[in-house]
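Just so it is clear: chains get the letters A, B, ... in the order the sequence lines come, proteins before strands, and each one is counted from 1.
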2 protein chains.
Amino acid sequence: MSQTVTEFEVHDIRFPTSEQLDGSDAMNPDPDYSAAYLVMRSEDGSEGHGFCFTIGRGNDVTAAAIEALRPYVIGRPAPRTASDLADLHIELTHDSQLRWLGPEKGVMHMAAGAVVNAAWDLAARTAGLPVWEFLASMTPEELVSLVDFRYLTDVLTPDEALAILRAAEPGRAERTARLRRQGYPAYTTSPGWLGYSDEKLVRLAKEAVADGFGQIKLKVGGDLEDDIRRLKLARAAVGPSVRIAVDANQRWDVADAVRWMTALAPYEPHWIEEPTSPDDILGHAAVRAGQPVKVATGEHVANRVVFKQLLQAGAVDFVQIDAARVAGVNENLAILLLAAKYGVPVCPHAGGVGLCELVQHLAMFDYVAVSGSWEDRVIEYVDHLHEHFADPAQIDAGRYVAPRAPGFSARMLPQSMAAHRYPEGPVWQARRTIEEVNS
Amino acid sequence: MSQTVTEFEVHDIRFPTSEQLDGSDAMNPDPDYSAAYLVMRSEDGSEGHGFCFTIGRGNDVTAAAIEALRPYVIGRPAPRTASDLADLHIELTHDSQLRWLGPEKGVMHMAAGAVVNAAWDLAARTAGLPVWEFLASMTPEELVSLVDFRYLTDVLTPDEALAILRAAEPGRAERTARLRRQGYPAYTTSPGWLGYSDEKLVRLAKEAVADGFGQIKLKVGGDLEDDIRRLKLARAAVGPSVRIAVDANQRWDVADAVRWMTALAPYEPHWIEEPTSPDDILGHAAVRAGQPVKVATGEHVANRVVFKQLLQAGAVDFVQIDAARVAGVNENLAILLLAAKYGVPVCPHAGGVGLCELVQHLAMFDYVAVSGSWEDRVIEYVDHLHEHFADPAQIDAGRYVAPRAPGFSARMLPQSMAAHRYPEGPVWQARRTIEEVNS
């Protein structure tokens, strides 16, 4: 018998990461990594957790958007099956009045993603499986039923999606076993924040290689001479065989990106990430055509319709899904299928608060049941804030260890939530006291 | 001496329009036209009003987003000059933490638009001019300084924008005089809502012609046979020389749009509006190439970067700006310049609550100082809810009368705001009482 969802709690949680310049890049100089965090709870006490990731101010707006979705969840049977999860996703994203606020983009869409992901957490726990395995336990038909094909059918029909999933079906068991043994390839961004000194960059780059990572990433786009110096330093630190990706965080117009990357190309960056606006499909295509470095984007791409066009236009070499920007697992499944259709590798964005925890499940599911490959694929890893989670992402020798605990791995510890509640939590009270003393 | 802004009031105002099926279309069956409404006030009592338009649920989320912008306005000198208005626009849209919530799209971006538009209302009133004339009183250099060219320079540089504005400068006075005499061409959507009976459609279509409109619009996309019948009825009602546009409100995938419009083409619709997702640039281009009817879109286009690409891709025949979806006057100025560069007519979206009032200023300014033409251009007019405004849009013989009152024309009457406040206003209290009695 299905239990009814009776509680829906929304929390504004913020971490004062700007103090250390962790996460600093050319567009985001002082982020305070934050989560508008949802706990849904059913009659029997089962919980589903989900969240929107933000970088500080406006986290309250995102919390208000999640709050606006309460009526769609309270009184509903706790989601358990593919069909339940498909229905919830469609209800949240097709509500005409809420859809007006996007459509399918920005705050309201991210909030739908938080609710959808919380429902997946709850359903996977009820099934006793981590989300990646829960997904990989579904038939191709069930998986196709989870996807909203609206605006996709010129490029991907349900039948084509089914064919992709069926083609990957025979190898599922073998890849699951290999994933459990070997883990999934990762790269680390920890050395490369723009606010870090050269010394810190070199030290962390060397540590990354010692830790077994085959790829690191540097933030660029502040100053070209600085970027060249930092890229040289990093190359000297990691040696010739470790890949170095660079990330401009949307800093450039098309011509800037072409000029800058032409100048950085001799130092062999593996990809240039977010060279320009995430909305600029034709701009990304022009950047890709105009200079020799491969192009990656996706963490700020609003929805499956924009990803569809990035692939149609041949604008990207790597698709960087984000677990908490689009409308949750269901829309990310659509994006994985689109990427598989085009044979473009998915290299998820992570970092922030809890994004590593969530997105590892999607990449692992992609490996087991969609693309069937981890060739040229890596999940971003940033070694920040994992201590606040009950089932933190685990890295071993530069690879994500396949989660075994049921659910979506992103449950924040109660004591971490209590400490970082904004504005009343003790961490923020103390910060205000220090500011008052200093002023 | 500049006055400081000391008050920033945000109101959740909703009209129960779903009761009459006013505004019903294939995607939005039961909208309650709403405004998250901002009043900013300076020390001397000067006010600036602005708002986000929504269709009901979620209006509170938009209000929360406007509220999040309070710190950028309170304590600031009341904006008066192009330079003040440029600075405010950049601060609101470049704040890295808030930008994360879009970037430049959805709830947070619409909220920035409400604040920017309120600032324009205040500044134009201080100057004693309606916004269209206030804009048209600025030099080409001042106008260029208002635009954020980030992500546009591959298509439009500041120098090119300046050249467009300078080319239009000599005719400004003559066109201003003609605009005052003749008004700006309008079309009406009032006959065409999908929830209206055939009888009501025919009656209102005839009234539109009698009222002097040269174009009407019908909502389509629910059922093809119904659409053919309604288009035939409308054509019989208005005669051969009045244009009939049709609007699918994003209902279709690309192939549906091509099939449906191929079937409707014999009845000579003037344009097909929003055939598919507003994010689908390549989809619009495919629809335009795949069937004979001209393509219009824009009311849900998130920002100037997407408009840029719609023009680059040759995806649209008409650009439909919306006064309250993008980041206010400044971003709409960028879009007017992009359209002028491509020679594509701008036919603004209006209706809703107060959108006619706002957007007429932008179209009139475009005529006077940007494109310099009203050839093939029409502003949408919907005869709803104007009674709630102090300076309602005026239509005379199918044309918008050029506003003479200072400001942006969108000040809601205090008694209308009091009556429609959600959820506590008397209109909503009465509605709940009726629902309780009926249940």
Measure across [X] and [Y] and return the closest heavy-atom pair with its distance rounded to 0.1 Å.
{"X": "A:H300", "Y": "B:P103", "result": "CD2-CD, 3.3 Å"}
{"X": "B:M110", "Y": "A:L101", "result": "SD-O, 4.1 Å"}
{"X": "B:G102", "Y": "A:R325", "result": "O-NH1, 3.1 Å"}

Closer than 3.5 angstrom, by distance alone: can the side chain of A:Y151 be matched with the main-chain N or O of B:Q250 as a donor-acceptor pair?
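The answer is yes, because a donor-acceptor pair under 3.5 Å joins these two groups.
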Answer yes or no: is there a donor N or O on one side and an acceptor on the other, between the side chain of A:E67 and the main chain of B:V61, under 3.5 Å?
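No.
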Enter the distance from A:Q312:CD to B:I281:CD1 here, rounded to the nearest 0.5 Å.
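These two atoms lie 10.5 Å from each other.
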Quick one: CG on B:L282 to CG on A:D154, what's the gap to the nearest 0.5 Å?
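Spacing of CG (B:L282) from CG (A:D154) equals 9.0 Å.
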Select, from A:A63, A:S34, A:A65, the one with the greatest count of heavy-atom pairs under 4.5 Å involving chain B.
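Greatest number of close heavy-atom pairs with chain B: A:A65.
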Under 4.5 Å from a heavy atom of chain A, the part of B:A313 involved
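For B:A313, the contact with chain A is made by backbone and side chain together.
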Residue B:D30 versus chain A: region with a heavy atom under 4.5 Å
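Both parts, heavy atoms under 4.5 Å.
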Could you pull out all residues at least two apart from B:E160 that satisfy side chain to side chain contact (heavy atoms under 4.5 Å, CB included)?
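B:E160 satisfies side chain to side chain contact (heavy atoms under 4.5 Å, CB included) with B:L156, B:T157, B:K341 only.
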Tell me whether the guanidinium CZ or amine NZ of B:R57 lies under 6.0 angstrom from the six-membered ring centre of A:W100 and within 45° of its axis.
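No cation-pi geometry.
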Please identify each residue that fulfils side chain to side chain donor-acceptor pair (under 3.5 Å) with A:K105, with sequence neighbours left out.
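A:K105 satisfies side chain to side chain donor-acceptor pair (under 3.5 Å) with B:D279 only.
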